[in-house]
Every structure is written in C-alpha cells, then in structure tokens.
Amino acid sequence: MDRIELTGLRARGRHGCLPAERELGQEFVVDVALGLDTRPAAAGDDLSRTVDYGSLAGRLVAIVEGEPVNLIETLAENLAAACLEDPTVQEAHVTVHKPAAPVPHPFTDVAVKISRSRS
C-alpha cells in the first residue's frame with residue numbers, strides 16, 4: 001500500500017476538559033498518513049484518482065477549529081473519519097499533538113496516535 005503523508009498541520013482549537021482550554025483555546029498539530037493505491041492516479045496523471053491533500057488539509061483544519069470535544073482521542077477519531085471519507089483511502093493513521101496540554105511538569109509533547117481502516 002502506498003502512503004500520502006501530511007505532517008505538522010497546525011490549527012487553533014478549544015478542545016479539552018478544563019474551562020480555560022475551552023475559553024482560551026490552543027494550537028493543535030496534526031499528522032496524517034493515508035494508505036491507498038496511487039498507481040491509477042500516477043498512470044493517468046490525474047488528481048481525481050488520488051487524495052487532494054490541499055482540500056483534505058482544509059477539512060482537517062475545519063474539524064480542529066470546529067466544535068470542541070473533551071478528549072484529543074475524540075478529535076483523532078473525527079479526523080480519521082474525515083480521511084476515510086475519500087473513497088481512495090483505505091487506511092488513515094492520525095496523530096494529534098497537544099504541545100500546550102495542561103501538564104504541571106516540564107514536557108515536550110502530548111499526542112494520541114490512532115490507525116483506522118475500511119475493513
């Protein structure tokens with residue numbers, strides 16, 4: 001299976017369980033890796049036979065900036081579902097980073113990684 005990857009997509013959202021997270025919002029960083037067969041697109045040099053990653057980026061940003069959820073696990077599920085809406089995508093691997101998570105100790109990142117497929 002071939003892969004198309006979109007990494008480091010940044011958007012501001014209001015996800016989290018704490019009132020301050022909902023009020024102030026924070027930046028989230030999203031990475032997606034999509035499993036699909038790119039041969040039909042390559043053979044015909046045809047964008048309509050593969051993932052338009054520019055359009056996908058817009059849909060993913062809209063989800064991050066949209067309706068708040070408590071958990072980044074839920075956000076990751078919503079993002080994976082959006083990736084799988086494209087009929088060419090067979091697998092979606094999604095990582096949601098929350099680098100400003102309310103952790104009372106020094107840390108670099110908090111992230112949730114999920115993998116979802118059509119089967």
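- Within the 3.5 Å criterion, the main-chain N or O of R22 finds a donor-acceptor partner in the side chain of R14.
- Side-chain polar atoms of D31 and H93 form no donor-acceptor pair below 3.5 angstrom.
- Looking at heavy atoms from C-beta onward, V94 lies out of side-chain contact with K113 at the 4.5 angstrom threshold.
- V96 and V110 fall within the same hydrophobic cluster, where Ile, Leu, Val, Met, Phe, Trp and Tyr residues are linked whenever their side-chain heavy atoms come under 4.5 Å apart, directly or through other members.
- Side-chain atoms of M1 and E91, non-hydrogen and from C-beta on, do get closer than 4.5 Å to each other.
- The 12-atom threshold is exceeded at CG of D46, counting heavy atoms of other residues, nucleotides or ligands nearer than 6.0 Å.
- Shown here for G16 and E21, the closest heavy-atom pair between the two residues is CA-OE1, 3.3 Å.
- Residues A80 and A92 approach most closely at O-CB, 4.2 Å, considering heavy atoms.
- Rounding to the nearest 0.5 Å gives a distance of 8.5 Å between NZ of K98 and CG of L71.
- Counting heavy atoms from C-beta on, the side chains of V69 and N78 come closer than 4.5 Å.
- Taking NE2 of H97 as the start and CG of D109 as the end, the distance is 5.5 Å to the nearest 0.5 Å.
- In this structure, L84 CG and R116 CZ are separated by 9.5 Å, a value rounded to the nearest 0.5 Å.
- Atoms CG and CG, from L6 and L34 in turn, are 8.0 Å apart once rounded to the nearest 0.5 Å.
- Taken together through direct or relayed side-chain contacts under 4.5 Å among Ile, Leu, Val, Met, Phe, Trp and Tyr, I72 and L18 form parts of separate hydrophobic clusters.
- With a 4.5 Å cut-off on side-chain heavy atoms, T95 and V112 do not count as touching.
- Contact check for E65 versus L60: no side-chain heavy atoms found under the 4.5 Å cut-off.
- The shortest distance between side-chain heavy atoms of L9 and V64 does not fall below 4.5 Å.
- Between A33 and E5, the shortest heavy-atom contact is CB-CG, 3.8 Å.
- Nearest approach of I63 to A82, heavy atoms of both residues: CD1-CB, 3.5 Å.
- L56 places none of its side-chain heavy atoms less than 4.5 Å from the side chain of D86.
- With values rounded to the nearest 0.5 angstrom, E67 atom CD is found 9.0 Å from H15 atom NE2.
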Inset, instruction - Start with the C-alpha distance between L79 and V32, add both sets of side-chain angles, then the distance that settles side chain to side chain contact (heavy atoms under 4.5 Å, CB included), and finish with yes or no. - result: CA-CA 9 Å; L79 295 167; V32 298; 5.6 Å; no
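- By the criterion of side-chain heavy atoms lying less than 4.5 angstrom apart, applied directly or through intervening Ile, Leu, Val, Met, Phe, Trp or Tyr residues, V61 is grouped together with I4 in one hydrophobic cluster.
- The CZ atom of R59 sits 7.5 Å away from the CG atom of D52 when rounded to the nearest 0.5 Å.
- When atom types are taken as modelled, the side chain of D2 and the backbone of D37 share no donor-acceptor pair closer than 3.5 angstrom.
- Of the possible polar contacts, none joining the R10 side chain to the V30 backbone as a donor-acceptor pair under 3.5 Å is found.
- For the pair R12 (side chain) and F28 (backbone), a donor-acceptor distance under 3.5 Å is absent.
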